[in-house]
Amino acid sequence: MFFEALRQQKILPIITVNEIAQTRSTVSMLKSNGLNIIEITLRTPQSLEALEEFCKDSDLVIGAGSISNVDQLEQVVSIGAKFGVSPGIFEPLVIRASQLGLPYIPGVATPSEIMTAINLGVNQVKFFPSETLGGIAALKSLSAPFPTVSFIPTGGINAENYEEYLKHKFVLAVGGTWLT
Ligand code: 3PG
């Protein structure tokens, strides 16, 4: 089960591909440290090619991040992505991911967006951009009315602050680029 594996991994490393050679060494470093669930953002022209290459490695669980429309979602599924992540929440994306059986993590920043997620049947969300929104203090307040929701805070998380997030039950894992 994807979300259980992510909970155990605790950290979701996020890679934006600039140089593919550099990304290959980052991925093998992550893999040798037991971090096999990895998000690759769709922010650069090289990202799809990289996604396709790393999806072929059966030891890895590669997902696509920064998904902002349904075409992108369908494209990443067709090249083998095992999960999807978006910075925000958009109903057609949640519905399409569910139809495709793709574990999918929409982003939220407000109580209304968390309510949108819950009402679409989503119980795991990305809290983004976490540190800008007030970090763990903000998330503590925001999560209180929603005990069934687990959060993956992302944005500004680093080696100094990630453990503070992981102390809380409502945090499923933390995401970030600090390891990559
Ligand atoms: C993301 O794609 O979720 C963010 O760019 C990650 O944020 P970070 O670079 O601050 O870790």
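In what follows, every heavy atom counts, from backbone to side chain, and hydrogens, waters and symmetry copies are set aside. As the structure lists them, so they are numbered: ligands from 1, and atoms in each ligand from 1. All figures in this text were calculated on a predicted structure; none of them were measured in a lab.
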Asks: Taking CE in M115 as the centre, count heavy atoms belonging to other residues, nucleotides or ligands within less than 6.0 Å. Is the count above 12?
Replies: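 Counting other residues, nucleotides and ligands, CE of M115 stays at 12 neighbours or fewer.
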Asks: Tabulate below the donor-acceptor pairs under 3.5 Å that side-chain atoms of residues 168-180 make, not counting sequence neighbours, or state none.
Replies:
residue: T180; atom: OG1; partner: I14; partner atom: O; Å: 2.8
residue: T180; atom: OG1; partner: T177; partner atom: O; Å: 3.1

Asks: Hey, is the main chain of I105 close enough, under 3.5 Å, to the side chain of Q124 for a donor-acceptor pair?
Replies: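 Here the side-chain-to-backbone pair does not exist.
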Asks: Should L48 and I79 be marked as a side-chain contact (heavy atoms from CB on, under 4.5 Å) after you check the CA-CA gap, both sets of side-chain angles, and the distance that decides it?
Replies: CA-CA 8 Å; L48 284 175; I79 61 178; 3.9 Å; yes
Asks: Can you name the ring-ring contact (aromatic ring centres under 6.0 Å, His included) partners of F83, sequence neighbours left out?
Replies: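 Only F2 meet the ring-ring contact (aromatic ring centres under 6.0 Å, His included) criterion with F83.
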Asks: I'd like a table of the close N/O pairs between ligand 1 and the protein (anything under 3.5 Å), one pair per line with both atom names and the distance.
Replies:
residue: ligand 1; atom: 2 (O); partner: R43; partner atom: NH2; Å: 2.5
residue: ligand 1; atom: 3 (O); partner: K126; partner atom: NZ; Å: 2.5
residue: ligand 1; atom: 5 (O); partner: R43; partner atom: NH1; Å: 3.4
residue: ligand 1; atom: 5 (O); partner: R43; partner atom: NH2; Å: 3.2
residue: ligand 1; atom: 9 (O); partner: T177; partner atom: OG1; Å: 2.6
residue: ligand 1; atom: 10 (O); partner: G156; partner atom: N; Å: 2.7
residue: ligand 1; atom: 11 (O); partner: T177; partner atom: N; Å: 2.9
residue: ligand 1; atom: 11 (O); partner: T177; partner atom: OG1; Å: 3.2

Asks: Apply side-chain contact (heavy atoms from CB on, under 4.5 Å) to E74 and list each qualifying residue two or more places apart in sequence or on a separate chain.
Replies: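 Only V70, D71, R96, L100 meet the side-chain contact (heavy atoms from CB on, under 4.5 Å) criterion with E74.
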